[in-house]
J.: 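One structure is given below, represented as structure tokens, and several questions about it will come after.
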Amino acid sequence: MEKRFNFLKYEEEIYKAWEQGGYFNPDNQKNCRAVFSIVMPPPNVTGNLHAGHGSMLAIEDLMARWARMRGKQTLYLPGTDHAAIATQTKVEKDLLKRTGKTRHDFPREKFLKLVLEFIDKSKETIHKQIRRMGTSCDWSREAYTMDETRTKLVRMVFKMMFDNGLIYRGERTVNWCPGCASTLADDEVEYKKEKARLYYLNYPLASGKGKITVATTRPQTMLGDTAVAVNPKDKRYQKLIGKEVLLPLTQRRIPVIAEPYVDSGFGTGALKITPAHDMNDYRIGIKHGLEIRNIFNKDGSFNQKAGKYQGLKGGERLKRILVDLGNQKVLEKIEDYEHSVSICYRCGTALEPITSRQWFISVSKKTLRGRKGKLVSLKQRALEAVRDREINIIPARFNKTYNSWMNNLYDWCISRQIWFGHRIPAWYCKKKNNGCGRIMVEVDKPKKCDKCGNKRLVRDSNTLDTWFSSGTWTFSALYQKPEEVRLGQDNVLVKNNLQKKYHPTTVLETGYDILFFWVARMILMTTYAMKEVPFRNIYLHGLIRDKLGRKMSKSKGNGIDPVDMIEKYGADATRLGLLLGNTPGNDLRIYEEKFSGFSKFITKLWNISKFIIENAKNDSDSPVKSQVLTPIDYYILGRYKKLSREVTENLDNFNFSLAGEKLKDFTWNDLADWYIEVSKIEPGKEKILKMIFKGLLKMWHPFIPFVTEKIWSEFQDKNVKKSMLMAEQWPGDGLRGQRIDPAAEKQYEAVIDLVKKIRKVKNLYNISTGAGIKVNIKTQDKKTDKLIESQRHIIQKLSGIEGWTIDKNKKTGLLSFAFTKGVVEMELPRGFDLDGQKKLLQKEIERLKNLLRACEAKLENRSFIKRAPKEIVEKERQKLKTLEKKLQELKP
RNA sequence: GGGCGCUUAGCUCAGUUGGUUUAGAGCGACUGGUUUACACCCAGUAGGCCGGGGGUUCGACUCCCUCAGCGCCCACCA
């Protein structure tokens, strides 16, 4: 075997062997009793895998490999997302950089072709990166959110919802991003604190006497005002409610209305209402039946409703209006003010709420059968799913987050004005060509209007929010070809064989940051279209941060590229760096030292295997026989049994990190540092070593598939046909029904402790191994004497002493110290520092005394004796005895 | 304003339902070591009133309350 695991040489080769061997395809798994399925959250086709993807893939692949080894037929389905806005923005940016042109310099179809070219290239990169992580997904079933099958499905679901009245078209005030030139959903809006000015404007009463002063940060919107609102409880304004004011600059009459939403304590307590250009004003406007007066064009400039200001935009417009307002003595005062501005979560541009005609999904219209048979809305059904634990969220605290978001959900605006994406499958019968204006929603383009027969049909130019299609992902990804996408009875999509077996999926693994964007949407869409939940479990991972806890970002340059780490330290070390210390729902800090640290462990594992293979070459895999077992064999077998139980339990409970920690601890400490060291002294351990190590390889495999697979192949008999580790069964405790006395394991701990204590003292006084030191040991019972005597060679060798006596009455030296089952007295080496020893002894005595005192206090406490369980009290009594004995013996 | 999380060794974190913990690991620091896998190693040392206070309990790092600091999400007062 090579000196170290040469991951650069083998990783690709091993991955190919898995893939070509068909191990990723569940159809090749025979005789399975259970099923496990996970659909990969599709990375955007836009670019490179980042550390977040890396951790996602590591966790998912761990689950998939583990499930397979436990005999579950496992589907891990990969895919990519067309990511409408993100992709289009990226292509537009590149285009501008390369040619100086914008998308509007091209016909729509030509531009889309450029997007597709970009995607083809980008997809390849992502495929490669996913493979390099060792991801064991079934490539034969890869899906893409915008391929033919998914396109048909998206249209089908759209039509279902439209026919049900869940999708409707409406004139609404929505968030408009001038940067993306598109609408955004409410939760795609972010807020940023910004310094601004608060302008106080006087609106004269129409009656001619008096005025109302309103405060605003955007005086330019005043031309769209259709009311002034005051709080009905505000005494200052009560008598003005129902009267009218004259809107300055235009002299339009607008009413003064009563609205409890208005905060009397803010500004002047009077709020100008601009329903067309403010989300809250819009709600108030609808409530009071106010005119929605849109004064902006799509590019942000004023339209004809702004009268003489038409066409103006930006700072110049603001200046003109302020000057005019000033001249008419409308502008009362200006204050500095800090408030939050709504910005686009993708491009950061300040949003302009505008009113326009958009498509929406109603989340509160009742069209679905709930769990109790009643008609419920999408929102109610989605709440039910989590409340009734059809879906289990890990960690559980996100239940609360999910509920509060779902409870506050408004109708979802799904139309976008960008070009790239699923185009809305709605056709209009063109009025200008003698049509009737009917809207038809169909999967395929209708030949003619189904009402008037007109053949001039025009398709809606809008595209769908990217979350609409990804909201169908768990089931849409399972369709294999367009023909399978069919509407069945009762408004449910017909399941294909794959879905019958694997849907709902076992677990959805994703970041908590897209709980709303994506996870919640999937629940809405799936409970509607499939009438079942999309998944049984949601495992939410945290965000990946840098060493200082900052988010990783390109602009900060603090990102760690997982592929870089793979190239430097190997995919296995990279996976460990992303898996260990990573707990559900909590952010993970990563930095290069972490990965280099784990690469050391990979080397350690490699070396252990080298040792075992060299020593156990000719040993068969026959079962371990109890009659030849020595005390340390019992010890290691007991520990191994416990380990296999704990690892399985922890993996079952999604505690991946803890399972890995335990494995690492056992591998390095119990196995390498103790058992292997002892095996060099006490021969005949080949069978056990091999048995345990093979089990360990299996348990390690889901964490670090490459190196374990390689080592596994080294164990294979060259003459026998090779089997792959990834297809092995998950190991049991390796004992084949044989009993291991737990007391034996416990007892052996005394031996380990004795060795450790002797080493410690020797180290402390700089006593070298060759010094020929002898000790006398005084123990508390004959059993221990016997055990220690039987381990003579091992103890001597490991602790580096020449020999010992076991004699209760012997008084040899001043250098005495305790171990768990007794006291050791060490011969004095020449030139020994007596004072130092006394101090050490004193320290030990103090420590034991403190423990003793605490122990005594506990036992003197009557309620403790009365109320604590018997075993605990008994344990405490034993502890006291041991401590007393030890103290006695230590006293000079 | 509403909600959630974090605070344990110099740093990064474990500690799963309160008692096998006499609080652990890795990194870093320090001491010593080439003993037929491994110097990407081995043996060992130092370092912590488990953020402060109160409570429940026989018993609290663990449960409850409260305060403080940090972070996140949602709402957004114009």
Side-chain angles (χ1 to χ4, degrees), chain A residues 1 3-4 187 191 198 214-218 221 229 261-263 265-268 270-274 278-281 337 339-340 342 395 397-398 400-401 404-405 408 512-513 515-516 542-543 547 549 569 580-581 583 585-591 593-594 596-615 646 649-650 653 655 657-658 661 664-665 668-669 672-673 676-677 680-681 746 755-756 759-764 766-769 797-800 847-848 850-851 854-855 858 861-869 871-873 875-876 879 883:
Chain A
M1 279 173 87
K3 202 165 160 56
R4 278 192 271 284
D187 39 59
Y191 295 90
L198 196 56
V214 297
T216 178
T217 51
R218 294 194 301 160
T221 64
Y261 166 81
V262 178
D263 177 1
F266 186 85
T268 61
L271 171 64
K272 70 190 228 15
I273 303 294
T274 323
D278 183 281
M279 300 302 278
N280 290 307
D281 290 8
Y337 180 64
H339 73 151
S340 26
S342 54
R397 65 184 144 92
F398 281 98
K400 219 168 181 175
T401 319
S404 67
W405 183 81
N408 292 312
Y512 67 76
D513 53 326
L515 181 62
F516 306 143
L543 302 176
K547 196 171 186 173
Y569 306 109
L580 299 202
T583 49
N586 296 321
D587 294 352
L588 178 74
R589 294 186 186 195
I590 59 168
Y591 36 89
E593 299 92 293
K594 226 174 185 170
S596 67
F598 284 119
S599 77
K600 289 183 186 173
F601 174 74
I602 302 296
T603 306
K604 183 77 186 179
L605 192 72
W606 184 257
N607 278 307
I608 293 171
S609 75
K610 243 162 72 179
F611 177 84
I612 294 176
I613 287 168
E614 278 164 23
N615 282 278
E646 284 177 342
E649 263 173 25
N650 279 309
N653 296 323
N655 287 325
S657 176
L658 205 52
E661 298 282 355
K664 190 174 162 218
D665 196 51
W668 208 311
N669 299 325
D673 291 346
I676 287 187
E677 287 312 312
K680 291 175 186 170
I681 304 160
K746 191 84 199 153
V755 171
K756 282 193 167 179
R759 279 172 176 170
K760 179 175 167 174
V761 173
K762 277 179 59 207
N763 241 305
L764 209 55
N766 253 325
I767 300 167
S768 69
T769 301
K797 190 102 191 250
L798 290 184
S799 59
R847 196 180 71 92
L848 291 174
N850 283 336
L851 286 174
C855 205
K858 238 184 191 177
N861 186 339
R862 276 203 189 153
S863 14
F864 174 71
I865 307 286
K866 220 166 115 188
R867 304 214 180 175
E871 316 89 74
I872 302 289
V873 177
K875 205 186 282 167
E876 211 61 32
K879 204 161 120 190
L883 286 170

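Just so we're on the same page: letters track the sequence lines, and every chain starts at 1.
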J.: How far apart are the closest heavy atoms of A:Lys3 and A:Trp606, and which atoms are they?
T.: O-CD1, 3.5 Å
J.: Rounded to the nearest Å, what distance is computed from the CD1 atom of residue A:Ile612 to the P atom of nucleotide B:U36?
T.: 18 Å
J.: Do A:Thr603 side-chain and B:C38 base share a donor-acceptor contact under 3.5 Å?
T.: no
J.: For B:G51 and B:U8, measure between their C1' atoms and round to the nearest Å.
T.: 10 Å
J.: What nucleic acid atoms does A:Lys600 come within less than 4.0 Å of, heavy atoms only: base, sugar-phosphate, or nothing?
T.: base
J.: For the side chain of A:Tyr191, starting at C-beta, report the closest nucleotide among B:C41, B:C38, B:C76.
T.: B:C76
J.: Report all interatomic pairs (protein N or O, nucleotide N or O of nucleotides 61-63 of chain B) with separations under 3.5 Å.
T.:
none

J.: Are a donor atom and an acceptor atom from the side chains of A:Tyr512 and A:Asp587 found within less than 3.5 Å of each other?
T.: yes
J.: Are any of the side-chain heavy atoms of A:Ser342 and A:Met279 separated by less than 4.5 Å?
T.: no
J.: Output the pairing pattern of RNA chain B as a dot-bracket string, 5' first, Watson-Crick or G-U wobble with both distances under 3.5 Å, | for cross-strand pairs, [ ] for crossing pairs.
T.: (((((((..((((.....[....)))).(((((.......))))).....(((((..]....))))))))))))....
J.: I'd like a table of atom pairs between the protein and nucleotides 1-11 of chain B - only N or O on both sides, under 3.5 Å - with the distance next to each one.
T.:
from : atom 1 : to       : atom 2 : distance (Å)
B:C4 : OP1    : A:Lys400 : NZ     : 2.5

J.: Do A:Ile608 and A:Trp668 have side chains that get closer than 4.5 Å, going by heavy atoms?
T.: no
J.: How close or far is atom P of B:C38 from atom CG of A:Asn615, stated in whole angstroms?
T.: 12 Å
J.: For A:Leu271, which of A:Asn280, A:Val262, A:Val214 qualifies under side chain to side chain contact (heavy atoms under 4.5 Å, CB included)?
T.: A:Val262
J.: For atom P, what is the distance between B:U62 and B:U17, given to the nearest Å?
T.: 12 Å
J.: Closest approach of A:Leu588 and A:Gly581, non-hydrogen atoms and distance?
T.: CD1-O, 3.3 Å
J.: To the nearest 0.5 Å, how far apart are CG in A:Asn607 and CD1 in A:Ile602?
T.: 12.0 Å
J.: Is any N or O donor-acceptor pair between the side chain of A:Lys664 and the base of B:A14 shorter than 3.5 Å?
T.: no
J.: Can you tell me how far CG of A:Leu658 sits from CD of A:Glu646, rounded to the nearest 0.5 angstrom?
T.: 8.0 Å
J.: Quickly work out the A:Tyr512 OH to B:C74 P distance and round it to whole Å.
T.: 11 Å
J.: Sticking with atom P, work out how far B:U22 lies from B:C42, rounded to a whole angstrom.
T.: 28 Å
J.: For A:Thr216, enumerate each residue passing the side chain to side chain donor-acceptor pair (under 3.5 Å) test, keeping only those at least two apart in sequence or located in another chain.
T.: none
J.: Nearest 0.5 angstrom please: A:Glu614 CD to A:Lys610 NZ, how far?
T.: 7.0 Å
J.: What is the distance from CD1 of A:Ile590 to C1' of B:C13, rounded to the nearest Å?
T.: 15 Å
J.: Roughly how far apart, to the nearest Å, are B:G3 and B:U56 at atom P?
T.: 26 Å
J.: What distance separates A:Lys272 NZ from A:Asp281 CG, expressed to the nearest 0.5 Å?
T.: 7.0 Å
J.: Can you tell me the distance, in whole Å, between the CG atom of A:Asn280 and the C1' atom of B:C76?
T.: 7 Å
J.: Looking only at atom P, what distance separates B:U31 and B:G69, rounded to whole Å?
T.: 42 Å
J.: Need one value for A:Glu677: base, sugar-phosphate or nothing, where a base atom within 4.0 Å counts as base even if backbone is also close, heavy atoms only.
T.: base
J.: What's the shortest heavy-atom distance between A:Lys762 and A:Gly800, and which atoms?
T.: NZ-O, 3.1 Å
J.: Expressed as a whole number of Å, how far does the P atom of B:G53 sit from that of B:A60?
T.: 15 Å
J.: Quick check: on RNA chain B, is the nucleotide nearest A:Asn408 upstream (toward 5') of the one nearest A:Lys879, or the reverse? Name the residue that is more 5'.
T.: A:Lys879
J.: Might you confirm whether atom NZ of A:Lys604 has over 12 heavy atoms from other residues, nucleotides or ligands at distances under 6.0 Å?
T.: yes
J.: P atom, B:U66 versus B:G5: distance in rounded Å?
T.: 14 Å
J.: How would you label the contact of A:Ile676 with the nucleic acid (heavy atoms, under 4.0 Å): base, sugar-phosphate, or nothing?
T.: base
J.: Please state the P separation for the pair B:C6 and B:A46 - nearest whole angstrom.
T.: 32 Å
J.: Could you list all N or O pairs between the protein and nucleotides 15-20 of chain B that sit under 3.5 Å apart?
T.:
from  : atom 1 : to       : atom 2 : distance (Å)
B:U16 : O2     : A:Asn650 : OD1    : 3.0

J.: May I ask you to test the A:Lys594-A:Leu580 pair for a side-chain heavy-atom distance under 4.5 Å?
T.: no
J.: Strictly below 4.0 Å, N to O, side chains only: are A:Glu593 and A:Lys547 in salt-bridge contact?
T.: yes
J.: Tell me the interatomic distance from A:Phe598, atom CZ, to B:G26, atom C1', rounded to whole angstroms.
T.: 8 Å
J.: For A:Lys3 and B:A37, is the shortest distance between a side-chain N/O and OP1 or OP2 below 4.0 Å?
T.: no
J.: Just how far is it from atom CG of A:Asp278 to atom OG1 of A:Thr274, taken to the nearest 0.5 Å?
T.: 6.5 Å
J.: Nearest-nucleotide wise, let me know which of A:Lys272 and A:Arg4 is further upstream toward the 5' end of RNA chain B.
T.: A:Arg4
J.: What integer distance in Å separates A:Phe611:CZ from B:U36:P?
T.: 11 Å
J.: Roughly how far, to the nearest 0.5 Å, is the CZ atom of A:Phe611 from the CD atom of A:Glu677?
T.: 7.5 Å
J.: Are there any protein N/O atoms within less than 3.5 Å of an N/O atom in nucleotides 42-44 of chain B, and if so, which ones and at what distance?
T.:
from  : atom 1 : to       : atom 2 : distance (Å)
B:C42 : OP1    : A:Lys604 : NZ     : 2.9
B:C42 : OP1    : A:Trp668 : NE1    : 2.5
B:A43 : O3'    : A:Arg759 : NH1    : 3.3
B:A43 : O2'    : A:Asn763 : ND2    : 3.2
B:G44 : O4'    : A:Asn763 : ND2    : 3.3

J.: In whole angstrom, what separates A:Ile608's CD1 from B:C38's P?
T.: 12 Å
J.: Looking at A:Lys664 and A:Glu661, is there a salt bridge between them, counting it only when a charged N and a carboxylate O are closer than 4.0 Å?
T.: no
